[in-house]
Protein chains: 2
Amino acid sequence: MALGKNYEGQNCSLARALELVGERWTLLVVRDAFYGVRRYGDFLAHLDIPRAVLADRLATLVEAGILQRHRYQNSPPRDEYLLTDRGIELWSVIYPLMRWGERHFATGEPLRTFRHAACGTEIDPASRCPACGHVDVPPGDVESHTGPGIPAQPRQDPVSVALRQHPHRLLQPLF
Amino acid sequence: MALGKNYEGQNCSLARALELVGERWTLLVVRDAFYGVRRYGDFLAHLDIPRAVLADRLATLVEAGILQRHRYQNSPPRDEYLLTDRGIELWSVIYPLMRWGERHFATGEPLRTFRHAACGTEIDPASRCPACGHVDVPPGDVESHTGPGIPAQPRQDPVSVALRQHPHRLLQPLF
DNA sequence: TAGCCTCGGTTCGTTCACCGAACTGAGAGG
DNA sequence: CCTCTCAGTTCGGTGAACGAACCGAGGCTA
């Protein structure tokens, strides 16, 4: 979606945003980055995405300044992908979309809930904390909890297991 | 994206939402619906979308309960596509994404601003009205205004012309 | 009644992105 | 030297998007 035949006729900021973030898989990669996924292999295992597509999406996101690549060890050389501030701002899109999908297309109870780390209250679809009145709770103050709708046979990849294990603060590394 | 090879492994509400709303063009169709576009031909002219793709997207959105089809005249029989409540709730995704794109990838000034109809103040990226303190301004209370960044050679299709002509309340028909 | 127009699609051949399986290469570690 | 892991790249096959042409229902005009 990004190159070649894009939305160039639409001189609208929504169209420009969608050129970057509207491609298949892209928003799920960004969601995983909020969950603390940072390495190629972990995105791969958690998303069941073709390897070539993942490599392409990561490169596009880095180029767009949504992720940044960071060398976290030298031997062997390994990089991790971290959300930039620009990427972190996408929480205000991802979270409402998640809640919208949950309200209208959920099959049973939610699999995951998001709570205000400071007070433990579930955050509303507009990112407000009903308890402490905090509006626009930033993702760094959000804790992901396993929800009541967790399936009988949950996924066994390391990322899914770690996410189930215990409440986890967004943006913090999973491992 | 919707059928066949979908995100079925991802039992996450974001993935389910993206199966519907994450396909190419879909969110732009919904945006146009907020602008008051209602007829096949108007979507077509404003979006420069292949006819077959538009027909497919409209059918998918109707099936998902995001748009509803409404017969507005009988001879000749003509239908219009209107946002349902479920569709209207997508404003909380579309508006933040638009503002995010504008902040980070805009070329100059915004083409369009969104004001609180009650007080005329521009609505912030989290859908709050800074003037009257209204949080979560619903799209029906939002007026679209032509912004300062309007290009020298703007589009000449009827929808673009009507949108430029005068401030326009979201969800109200354009014509 | 014939001819033409509009609207809302469908059809069809080409192009392009996605898919998944196999392969590659750098760098441990034994 | 052999094997393993990690992070990709390569490649043949398939499905979706593209755009131009076609179609049919139902006016309008004469």
Side-chain angles (χ1 to χ4, degrees), chain A residues 1-10 15 18-29 32 37-63 67 69-82 157-159 175, chain B residues 1-10 15 18-20 22-29 32 37-63 67 69-82 157-159 174-175:
Chain A
M1 192 182 281
L3 296 169
K5 211 63 237 168
N6 44 18
Y7 301 121
E8 81 280 323
Q10 297 295 314
L18 287 172
E19 281 180 29
L20 290 169
V21 136
E23 286 181 300
R24 189 155 162 71
W25 295 109
T26 301
L27 230 40
L28 292 175
V29 170
D32 270 21
V37 177
R38 298 182 165 190
R39 289 194 303 272
Y40 179 88
D42 293 328
F43 285 108
L44 200 64
H46 190 228
L47 289 173
D48 287 328
I49 180 179
R51 308 179 73 90
V53 176
L54 176 59
D56 177 86
R57 294 299 182 273
L58 289 172
T60 305
L61 287 168
V62 168
E63 199 188 353
L67 296 179
R69 205 170 167 155
H70 171 240
R71 172 76 37 108
Y72 67 93
Q73 72 175 33
N74 279 311
S75 75
R78 290 287 180 260
D79 296 339
E80 58 187 1
Y81 296 91
L82 300 174
D157 64 274
V159 173
F175 305 112
Chain B
M1 193 181 279
L3 298 169
K5 212 63 233 168
N6 43 19
Y7 302 121
E8 81 281 323
Q10 297 294 314
L18 287 172
E19 280 180 29
L20 290 169
E23 286 181 302
R24 188 155 163 72
W25 293 111
T26 302
L27 230 39
L28 292 174
V29 170
D32 270 20
V37 177
R38 297 182 165 191
R39 290 194 304 271
Y40 179 88
D42 293 328
F43 286 108
L44 200 64
H46 190 227
L47 288 173
D48 287 329
I49 180 179
R51 307 177 74 93
V53 176
L54 176 59
D56 176 87
R57 294 301 183 271
L58 289 172
T60 304
L61 286 168
V62 168
E63 199 188 351
L67 296 179
R69 205 170 168 154
H70 171 243
R71 172 77 35 111
Y72 67 94
Q73 73 175 31
N74 280 311
S75 74
R78 291 285 181 260
D79 296 338
E80 58 187 0
Y81 297 91
L82 300 175
D157 64 276
V159 173
L174 258 183
F175 306 112

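Predicted model, so just to flag it, every value in this text is computed and none were measured. Letters go in sequence order (proteins before strands), and every chain restarts at 1.
When the side-chain nitrogen and oxygen atoms of B:W25 are compared with OP1 and OP2 of D:dC18, one or more of them lie within a distance under 4.0 Å. Contact annotation: B:R57 does not reach the phosphate of C:dG9 (side-chain N/O to OP1 or OP2, under 4.0 Å). Taking only side-chain nitrogens and oxygens, A:Y81 never comes nearer than 4.0 Å to OP1 or OP2 of D:dA7. Using a 4.0 Å cut-off, no side-chain N or O of A:R24 falls inside it from OP1 or OP2 of D:dA16.
Nucleotide D:dA16 holds its C1' atom 16 Å from the CD atom of B:E19, rounded to whole Å. The separation between B:L54 atom CG and C:dG9 atom C1' is 10 Å, rounded to whole Å. With rounding to whole Å, A:D42 atom CG is found 8 Å from D:dA7 atom P. The interatomic distance linking A:E23 (CD) with D:dA17 (C1') rounds to 14 Å, in whole Å. Rounded to whole Å, atom C1' of D:dC6 lies 14 Å from atom CZ of A:F175. Distance CG (A:L44) to C1' (D:dT9): 13 Å, rounded to an integer number of Å. Rounded to a whole Å, the CZ atom of A:R71 is 16 Å from the P atom of D:dC6. Note: CG (A:D56) to C1' (C:dA17) measures 10 Å, nearest angstrom.
By the 4.5 Å heavy-atom criterion applied to side chains, A:F43 and A:I49 are not counted as neighbours. The side-chain heavy atoms of B:Y81 and B:H70, taken from C-beta on, include no pair separated by under 4.5 Å. Residues B:L20 and B:T26 have side chains not in contact (no heavy-atom distance under 4.5 Å, counting atoms from C-beta outward). Inter-residue side-chain proximity for B:S75 and B:Q73 is flagged as unmet; no heavy-atom pair is nearer than 4.5 Å.
Within the nucleic acid shown, A:R69 comes within 4.0 Å of sugar-phosphate atoms alone, with no base atom in reach, counting heavy atoms only. Across all strands, A:R38 comes closer than 4.0 Å to no nucleic acid atom at all (heavy-atom distances).
Checking C:dG9, D:dC18, D:dG8 against every side-chain atom of B:Y40, the shortest atom distance belongs to C:dG9.
Side-chain N/O atoms of A:D157 and A:H46 include no donor and acceptor closer than 3.5 Å.
For A:D79, the salt bridge (charged side-chain N to carboxylate O under 4.0 Å, His left out) partners at least two apart in sequence or on another chain are A:R69, A:R71. Taking A:R39 as the reference, A:D42 meet the side chain to side chain donor-acceptor pair (under 3.5 Å) condition, with sequence neighbours excluded.
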Once each nucleotide of nucleotides 20-30 of chain D is scored for protein heavy atoms under 4.0 Å, what B/S/- sequence comes out, 5' to 3'? -B----SS---
